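Both backbone and side-chain heavy atoms feed into the values below; hydrogens, waters and symmetry mates do not. Here the structure is a predicted model, which is why all the values come from computation and not from measurement.
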Amino acid sequence: MDKQLLEESLTLVDLPDSGLTVRFYDILFERYPGVKPMFQRDTRVQAEMLRTAVVSVLDHLEDAEWLTTNLHALGKRHASLGVTRPMYTAVAECMIAAMSEIGGEAWTPAMTTAWEEALGAVATIMLDGYPDEATAEVATESGAA
């Protein structure tokens with residue numbers, strides 16, 4: 001992964017007051033209204049937690065042990081909330097859409113590719129943290145079983 005490009009592109013789109021992640025949730029709920037009941041009415045707290053998580057992952061991108069430990073735990077928590085494999089794809093799509101929108105003409109295809117790769121890797125590690133029963137349910141739901 002291109003850590004420098006990820007950091008530079010995040011700097012480009014990281015708005016004050018968690019504006020990037022607030023916009024992400026707006027797009028997520030517009031495109032996938034069925035996930036909205038999984039969240040509190042006011043997503044600002046969730047947006048700040050997501051922003052913190054994104055920054056933390058970038059800060060530890062070269063620390064496989066930290067990534068595995070923390071993202072497995074986060075995956076386990078998401079499994080308990082009913083988050084499915086297709087939802088990870090939707091999240092990546094909507095996050096990149098928010099980044100592209102905010103970045104405007106300065107946002108490049110290389111940035112999109114870097115974030116697709118990074119968010120895909122994060123999703124894989126989080127899904128690896130799912131309990132075996134949840135993993136089987138996720139695989140069955142996505143047609144992988």
Locate the shortest heavy-atom distance separating [X] from [Y]; write the atom from each residue and the value.
{"X": "L5", "Y": "A110", "value": "CD2-O, 3.5 Å"}
{"X": "A79", "Y": "P131", "value": "CB-CD, 3.8 Å"}
{"X": "I96", "Y": "L119", "value": "CG1-CD1, 4.0 Å"}
{"X": "I125", "Y": "L71", "value": "CG2-CB, 3.5 Å"}
{"X": "V22", "Y": "D17", "value": "CG2-O, 4.1 Å"}
{"X": "M99", "Y": "V13", "value": "O-CG1, 3.3 Å"}

Worksheet item: Mind checking whether V83 and Y130 have side chains closer than 4.5 Å, heavy atoms only?
Response: yes

Fill in: Heavy-atom check, side chain of V55 versus side chain of L10, under 4.5 Å
yes

Item to complete: Apply the test side chain to side chain contact (heavy atoms under 4.5 Å, CB included) to residues M111 and E8: give CA-CA distance (whole Å), side-chain angles for both, the deciding distance (0.1 Å), then the verdict.
Response: CA-CA 9 Å; M111 291 173 181; E8 289 172 3; 5.7 Å; no

Practice prompt. Kindly work out whether a path of hydrophobic side-chain contacts (I/L/V/M/F/W/Y, heavy atoms less than 4.5 Å apart) joins M126 to M49.
Written response: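 M126 does not cluster with M49.
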
Worksheet item: With the 4.5 Å side-chain cut-off for hydrophobic clustering, are V35 and V45 part of the same group?
Response: no

Hey, could you give me each pair passing side-chain hydrogen bond (donor to acceptor under 3.5 Å, both in side chains) that has a residue in [range]? Not counting sequence neighbours.
{"range": "residues 114-127", "value": "S9-W115"}
{"range": "residues 99-108", "value": "R23-E101, W107-T112"}
{"range": "residues 68-83", "value": "none"}
{"range": "residues 49-67", "value": "D14-R51, E48-T52"}

Result block: side-chain N/O donor-acceptor pairs under 3.5 angstrom for residues 24-33, not counting sequence neighbours:
residue, atom, partner, partner atom, Å
Y25, OH, Q46, NE2, 3.4
R31, NH1, E93, OE2, 2.9
Y32, OH, E93, OE1, 2.5
Y32, OH, E93, OE2, 3.4

Fill in: Residue list, salt bridge (charged side-chain N to carboxylate O under 4.0 Å, His left out) with K3, at least two apart or on another chain
E7

